[in-house]
Amino acid sequence: MLTLIKAQVWKYKSIEDSTPVALAEDVTVLVGKNESGKTAFLEALHKAMPLGGAKYDYVADYPRKDLVRYRPQHEAKNYQKTVELTFRIEKALADKINKEVFGGADIVAAGHTFTRDTTIANTNTIGLHIDQKAAVEALQRPLNDLEHKDEVFSGAARLEDALTKIESLSLPADNRLATFAAQWRSRAIKANGWGLVDGHIWQSYLSPALPKLLYFDDYKLLEGKINLAALQQREAATQLTDADETAQGLLQLAGTTLRELMSDEGYETARAKLEAIGLTITQKVFEFWKQNQDLDVEFDLKTDNKDIAPYNSGVNLYIRIKNRRHGVTVPFDQRSKGFIWFFSFLVWFDAVQSRAETEDALVLLLDEPGLNLHALAQADFLAYIRKLSEQHQIIYTTHSPFMVDSAHLEDVRVVEDRIKEGTKITGDLAGSSDESVFPLQAALGYSIAQNLFIAKKNILVEGPADLILLQHMGALLESGTKQGLGDAILVPVGGLDKLATFVALLGSNKLKLVVLHDRAGSPHQKLEDLVRQKLIERKRVLDFSMFLDSAPAEADIEDLLPANAYIAAFNQAYAKELNGVTLTVADLGAQPRMVERINQWLKTKGITLLKDGGFNHYRVAQAVLPSLTAAKLKPDELARFERLFAKVGEVL
C-alpha cells in the first residue's frame, strides 16, 4: 500500500550525490560499467531500511577522501544525511486513513507522498505534511451538535489549538469534547516535531506499511554440504554467516528444522523425510530453471571422520544433484556457478519472505543477479523477476545485455562514476556515455537479431524511434483491452533502403511480414520492386498516412502524435542545445510532415543539432513517452493507433 517512487543517496563510498533516482513501480534496472557505483547505491538503500541488522558505519562508509574533515561534524552529532526515500500512499491505504481517522473526508489523497531520511549515524526523520486546516474541519464534523463546538474549533489552525481550548473548559470526563481531546492526546508521539494528526497517521498507518529492503549478492550462495552441529553452534551464538542464512532457508523451504534433522529416528523414517525434502525443493526450483529439466535435488545425512574440519565431526547434510539423463549424482557445489546462484537465490528469497511474515512490504535489491547464467537462463531469470514484481518492487544492477528487457527500456537507469562528481544515476540515456549504455544497445540489438529468426509475425519499421513509440502505444491499447501488437514483433531495419535485405531474410524463414513505413510523396521504388517481385503482398505494405483522417500525401509516425506533446518533448530533449530558444506549434510551417517542419525551423533559425542537419528522432521519441497516456491523449489521437494496430492485425 506504499510504493517507493524515488531515492537519493549522498556521501556514501563513491557517491557524492546520486541525484534523485525515479524508481519504477515494479522493476528498476541499474546499468553501468564495473566500478561505477551500482553496488554502493544498493548498499546505501539497503542500510536505510534493512530487514535484518545491517547498519551504516561512518568510518567504513563515508567517502574516504572526506572522512577526516567530516569526523568532527559527526562527533558533534551533526550527522550527514545519507539516503532520502520518497514513498507514495496508494489508494487503498489512503481510503482506510480517511475512513478511520477523518470520517470519510478526502484529507489524505491517493498519491500523497512523504519522505524518510536516514543519516550515516542510522537516525531517521520523516517528512510528512497533512493539510492541518482541512484535517481539523473533518475532525470537528461529528461534533457539530455539541455545545462549545464553535468556541473551541473557531480559528484553530491545528488540532492542538482546539484541544488546548477544550481542556481549558474543564469539562466532565464523560463529555464528548473532553473524550475527544483525551483520545487525541493519548495518540501523541513524544518525539519532537510530530503534530498530533501527522504523528497518529504515521504511527498507526504509514510506519506499519513501510517496506523492508532485502539485499542479495554472491555471499549468500548455498554450500554443497552443511555440518549440522557447527551450524547449530553458530545459530546459538548468533554468529550466522550469509551462507548459513541461506542454509536455514533451505531447511525452512523443505518444511524441516535443524533439530529434526539431527534427531535419531531410524533409517526408514530419516530416508522418507530426506526424499520428501528433495521432492519439495526439486518442484520449487525447476518451476523456473528451464535450462535442464532432467535434474533432481537429493539430500543425504552422513558422518565422515576422514573429511576436514568441521565436516569430520558429527552429521553432515549433503546436497546432491542427480542427472536422470546420465544416471549420476554430483555434489551441489560442483554444478555450474549459474545453477548454484539460481538455486541459492530461490531458496534465500522464499525463506526470507517467510521469516518476514509478509507478502507485501518487501523491496528486493539484487546485485548483479545471474552473472554466471547462460544468456537463455538469464531470460528465464528475467521472467522470474517479472513474476516477483507482481508482489514486490525490485531494483537490480547489471552490465549484461541479456539482463535488460528491451521491452521495458523505460525502467533502465544509467550509473556512471564521473570525474570530480562521483557516482551519478540518471534515466537520461541520451546524455550517457557510450560505454555505459552499451548493454542497452546490445540488448536491443540482440532482441532485433533474435526476432529475425524466432518471431512468427514481424512488423518492419524504419528506425528505433518508430519501435519505441509503437511498443508504447501497443502496450497502452492492450492495457485498455484494445488491440495492440499482440504476438507480433517490431523490427527496425535502419531505413527503407535496407528493406529488401530484411524481407528476403525473413521471407526465407516463412515468417509473416508487414512493412510500416514513412510516406514521403510518391511511392518508394524499392517497395514497389518488392511487391512486383512477389517478395511481399501489397496489402502488407502500410504507411502512416493511412491512419490519419486527412489522408495526407506524406506522413511519419510523429504525425500520429499530438503536435503540442511532440513539440514539448523536442524542447525538453534539446533544451541544452537550443540554449533558451523555444519551438512552438505556431512556429511550424505548412509542410505536412512534422519532422520536416521542425527541420525547416532549425534551418531558418540557424540551429545545428546534428552534423548532417535535422535532429535525433529517437531522442525526442523517448522524451515524449510520458505524455502518451490514456489520461492525456484525446479519443481521436488514440483512435489513430487503434486503426493502425487493427490493420496490422488484419493483414498479418
Side-chain angles (χ1 to χ4, degrees), residues 1-25 27-30 36-63 66-67 70 73-74 77-89 113-128 191 193-194 202-203 205-217 219-220 242 245 349 352-353 355-356 358 360-368 392-397 413 415 422-425:
M1 291 190 287
L2 292 176
T3 302
L4 179 59
I5 61 171
K6 187 169 62 177
Q8 189 166 1
V9 176
W10 294 267
K11 293 292 186 180
Y12 184 86
K13 295 186 177 179
S14 66
I15 303 174
E16 292 289 328
D17 177 359
S18 68
T19 70
V21 181
L23 301 174
E25 295 182 5
V27 180
T28 303
V29 187
L30 304 180
S36 60
K38 302 187 299 295
T39 297
F41 184 75
L42 288 193
E43 284 181 353
L45 298 192
H46 176 231
K47 292 177 181 178
M49 293 180 55
L51 181 64
K55 291 184 178 181
Y56 298 110
D57 177 345
Y58 87 95
V59 174
D61 295 337
Y62 200 84
D66 300 326
L67 181 59
Y70 171 69
Q73 175 184 332
H74 190 88
K77 297 186 178 180
N78 181 18
Y79 303 132
Q80 168 68 47
K81 181 166 74 170
T82 302
V83 170
E84 180 177 276
L85 301 175
T86 302
F87 293 91
R88 183 179 67 217
I89 302 174
T113 62
F114 67 93
T115 59
R116 184 182 188 275
D117 297 345
T118 306
T119 70
I120 198 78
N122 301 290
T123 60
N124 300 291
T125 55
I126 304 299
L128 173 65
W194 278 111
W202 163 252
Q203 185 168 261
Y205 296 94
L206 302 184
S207 180
L210 274 180
K212 295 295 185 181
L213 276 60
L214 308 182
Y215 178 80
F216 185 85
D217 60 15
Y219 294 106
K220 295 180 172 64
D242 288 336
E245 291 184 359
F349 174 71
V352 168
Q353 181 177 239
R355 285 202 296 273
T358 177
D360 299 318
L362 298 175
V363 177
L364 305 184
L365 309 174
L366 310 181
D367 196 12
E368 299 287 1
H392 310 287
Q393 277 185 273
I394 298 174
I395 306 171
Y396 71 88
T397 67
R413 309 291 179 263
V415 185
T423 295
K424 297 290 183 183
I425 304 174

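- The shortest side-chain heavy-atom distance between Y79 and Y58 does not fall under the 4.5 Å cut-off.
- The heavy-atom pair separating G37 from S14 by the smallest distance is CA-OG, 3.8 Å.
- Side-chain contact check for L2 versus I89: some heavy-atom pair is nearer than 4.5 Å.
- One finds the CG atom of L23 at 9.0 Å from the OG1 atom of T86 (value rounded to the nearest 0.5 Å).
- Under the 3.5 Å distance criterion, the side-chain polar atoms of N78 are left unmatched by any main-chain donor or acceptor of Q73.
- The shortest non-hydrogen separation linking M49 to P211 is CE-O, 2.6 Å.
- Just one residue in the list L42, L366, L364 forms a side-chain contact (heavy atoms from CB on, under 4.5 Å) with Y396, and that residue is L366.
- Between the CG atom of L365 and the CG atom of L214 there is a distance of 7.5 Å, given to the nearest 0.5 Å.
- A distance-only check finds a donor-acceptor pair linking the side chain of T423 to the backbone of S36 [under 3.5 Å].
- Heavy atoms only, all atoms of each residue included: P20 and K6 are closest at CB-CD, 3.8 Å.
- The backbone N or O of S18 lies less than 3.5 Å from no partner atom in the side chain of Q8, so there is not a single donor-acceptor pair.
- A pairwise comparison of heavy atoms in P63 and I15 identifies CG-O, 4.2 Å as the closest pair.
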Is there a side-chain contact (heavy atoms from CB on, under 4.5 Å) between V21 and F41 once you walk through the steps? CA-CA 10 Å; V21 181; F41 184 75; 4.0 Å; yes
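- Here the closest non-hydrogen pair linking T119 and Y56 is O-CD1, 3.4 Å.
- In this pair, W194 and W202 present their aromatic rings parallel. The plane angle is below 30°, not in the 30 to 60° band.
- The aromatic rings of Y62 and Y70 lie parallel to each other, with less than 30° between the two planes, well short of the 60° mark.
- Each of K47, K55, K11 was evaluated against D61; a single residue qualifies, K47, per the side chain to side chain donor-acceptor pair (under 3.5 Å) test.
- Here the rule is side chain to side chain donor-acceptor pair (under 3.5 Å) with T118, and of N124, T123, T82 only N124 fits it.
- Side-chain N or O atoms of T397 include one that pairs as donor or acceptor with a backbone N or O of E368 at under 3.5 Å.
- A donor-acceptor contact shorter than 3.5 Å is absent between the side chain of T3 and the backbone of I5.
- One N or O on the side chain of R116 and one on the backbone of A48 form a donor-acceptor pair closer than 3.5 Å.
- Here NE2 of H46 is found 13.0 Å from OG1 of T39. Values are rounded to the nearest 0.5 Å.
- In this structure, CD1 on I120 lies 12.5 Å from CH2 on W10, to the nearest 0.5 angstrom.
- Between L30 atom CG and K38 atom NZ the span is 8.5 Å, to the nearest 0.5 Å.
- Minimum heavy-atom separation, E25 to Q393: O-CG, 3.1 Å.
- Atom CD in Q80 sits 9.5 Å away from atom CG in D66 (nearest 0.5 Å).
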